[in-house]
Amino acid sequence: MLSREHLVCKIPVTHPRYASLMTRERIVEGVEKGITSLNGMIAQGRGEAFDYLIGERTIDDAMYATRAAVALLILAERPVISVNGNTAALMPEDMVKFSRKAGIPLEVNLFYRTEKRVRKIIGHLEEHGAVEVLGAEHNCMIPCLDHERAKTSSKGIFSADVVLVPLEDGDRCETLVKMGKKVICVDLNPISRTSRMATISIVDNVVRVIPNMSNLYDEMCGLSRPELEKLVESFDNQDNLKKTLLYIGKRMNELNIEGNFMDYS
Ligand code: PTJ
């Protein structure tokens, strides 16, 4: 049988889906290293399906949400970025770079939590330049949440005012909001509970979102407090999700009517 490494070498750079296939490889490698859960592969597949619907690019509505999210992060007093097994495998460099640039701590917080996986993810982020990663010590429990994501650090998610949660599950998102926190989620599925519950939902692939956030941060950290507040206050999550759904519907119609779907492989 061919080794997986051999199969990877067989994906030519010229393949029309090269970037997507290589992203998939990162998830597979994450599973092999013990960073990503097996379920992470299913989540990635679901994400890819939605990414197809938006054309595998950052649409205007997503950029608008990303801008509001960056404004919220700059205004926050105690922001935190929650890291799971998928994001750690997909783009550790970008997560660490953005965290360090914006001075926002990273906390490993897992749905399929094992202490071994938490330690591995922390080590992996440190290898990519993270100085301090929270999550090994989970001394506070999020109330009314029966799963492992309830385990948080008193220095991180538990006391945060703004939490950035890429690939979150809906009930924790809802609970964090009930606790009075502002939640920024990244989820390619615009109709997920997470997207509907979050304060700001970014319907885009996390591999594009974090670099976008990093660039916007450079551009926006010079804005005044009132300017940043205006960006946050004028953002309406439900309205933006509706626009995203309309965009997808329109795009599907156009592909269908013009027969262009044949070109989209
Ligand atoms: O590492 P753990 O144990 O914390 O587990 C992480 C996963 C992602 C496996 C866990 O949180 C999970 O099962 O998530 P769900 O409920 O499958 O939700 C994942 C959501 O993220 C889905 O709505 C996907 O569409 C979306 N998604 C998947 N990949 C991406 C994505 N959104 C943005 N970018 C992606 N690359």
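In each ligand, atom 1 is the first atom listed, and ligand 1 is the first ligand listed. Heavy-atom basis, side chains included; hydrogens, waters and symmetry copies ignored.
Asn86 OD1, 4.3 Å is the protein heavy atom nearest to atom 7 (C) of ligand 1. Nearest protein heavy-atom neighbour of atom 26 (C) of ligand 1: Asp187 OD1, 3.3 Å. The protein atom (non-hydrogen) at minimum distance from atom 4 (O) of ligand 1 is Phe111 N, 2.8 Å. Summary of contacts: the protein heavy atom closest to atom 11 (O) of ligand 1 is Arg149 NH2, 2.8 Å. At the shortest separation from atom 15 (P) of ligand 1 among protein heavy atoms lies Arg46 NH2, 3.5 Å. Nearest protein heavy-atom contact of atom 35 (C) of ligand 1 is Asn205 OD1, 3.5 Å. For atom 34 (N) of ligand 1, the nearest protein heavy atom (residue, atom name, distance) is Val206 N, 3.0 Å. The closest protein non-hydrogen atom to atom 28 (C) of ligand 1 is Ala43 O, 3.0 Å.
Within the model, atoms CD of Glu132 and CD1 of Ile122 stand 9.5 Å from one another, a figure rounded to the nearest 0.5 Å. Atom-to-atom distance recorded for His147:NE2 and Arg113:CZ is 13.0 Å, nearest 0.5 angstrom. Ile191 contributes atom CD1, which lies 10.5 Å from atom CG of Leu241 (distance to the nearest 0.5 angstrom).
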Exercise. Quick one: do Ile59 and Asp204 satisfy side chain to side chain contact (heavy atoms under 4.5 Å, CB included)? Show the steps, please.
Key: CA-CA 8 Å; Ile59 65 171; Asp204 197 5; over 6 Å; no
Requested in this report: For side chain to side chain donor-acceptor pair (under 3.5 Å), just list the numbers for Thr66 and Asn212, CA-CA rounded to whole Å, side-chain angles, deciding distance to a tenth of an Å, and then say yes or no.
Outcome: CA-CA 8 Å; Thr66 309; Asn212 282 344; 5.3 Å; no
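Note that atom 22 (C) of ligand 1 has protein non-hydrogen atoms nearby, at separations under 4.0 angstrom.
Taking any N or O of Phe50, backbone or side chain, none lies under 3.5 Å from an N or O belonging to ligand 1. Residue Tyr112 has at least one N or O atom closer than 3.5 Å to an N or O atom of ligand 1. Looking at ligand 1, you won't find any N or O of Gly40 less than 3.5 Å from one of its N or O atoms. Remark: ligand 1 and Leu110 share no N or O pair separated by less than 3.5 Å (distance only, no angle test).
Of the heavy atoms in Val207, none comes closer than 4.0 Å to ligand 1. Contacts of Glu48 with ligand 1, taken as heavy-atom pairs under 4.0 Å, are absent altogether.
Side-chain contact check for Arg172 and Ser82: at least one donor-acceptor pair (N or O, by modelled atom type) lies under 3.5 Å. Counted by atom type alone, Ser214 and Lys101 present one or more donor-acceptor pairs between their side chains at under 3.5 Å.
A salt bridge is defined here as a Lys NZ or Arg NE, NH1 or NH2 lying under 4.0 Å from an Asp or Glu carboxylate O, and Arg78 with Glu107 fails to meet this definition.
Taking every heavy atom of Gly85 and a limit of under 4.0 angstrom, the matching atoms of ligand 1 come to 1 (O).
A distance-only check finds no donor-acceptor pair linking the side chain of Thr199 to the backbone of Lys182 [under 3.5 Å].
Screening Thr87, Val108, Ile35 for a side-chain contact (heavy atoms from CB on, under 4.5 Å) with Leu125, the sole residue that qualifies is Val108.
Across every non-hydrogen atom of Ala130 and Val96, the tightest pair is N-CG1, 3.4 Å.
Comparing Leu167, Ile202, Asp204 against atom 31 (C) of ligand 1, the shortest heavy-atom distance belongs to Leu167. Considering only non-hydrogen atoms, atom 2 (P) of ligand 1 lies nearest to Arg117 out of His147, Arg113, Arg117.
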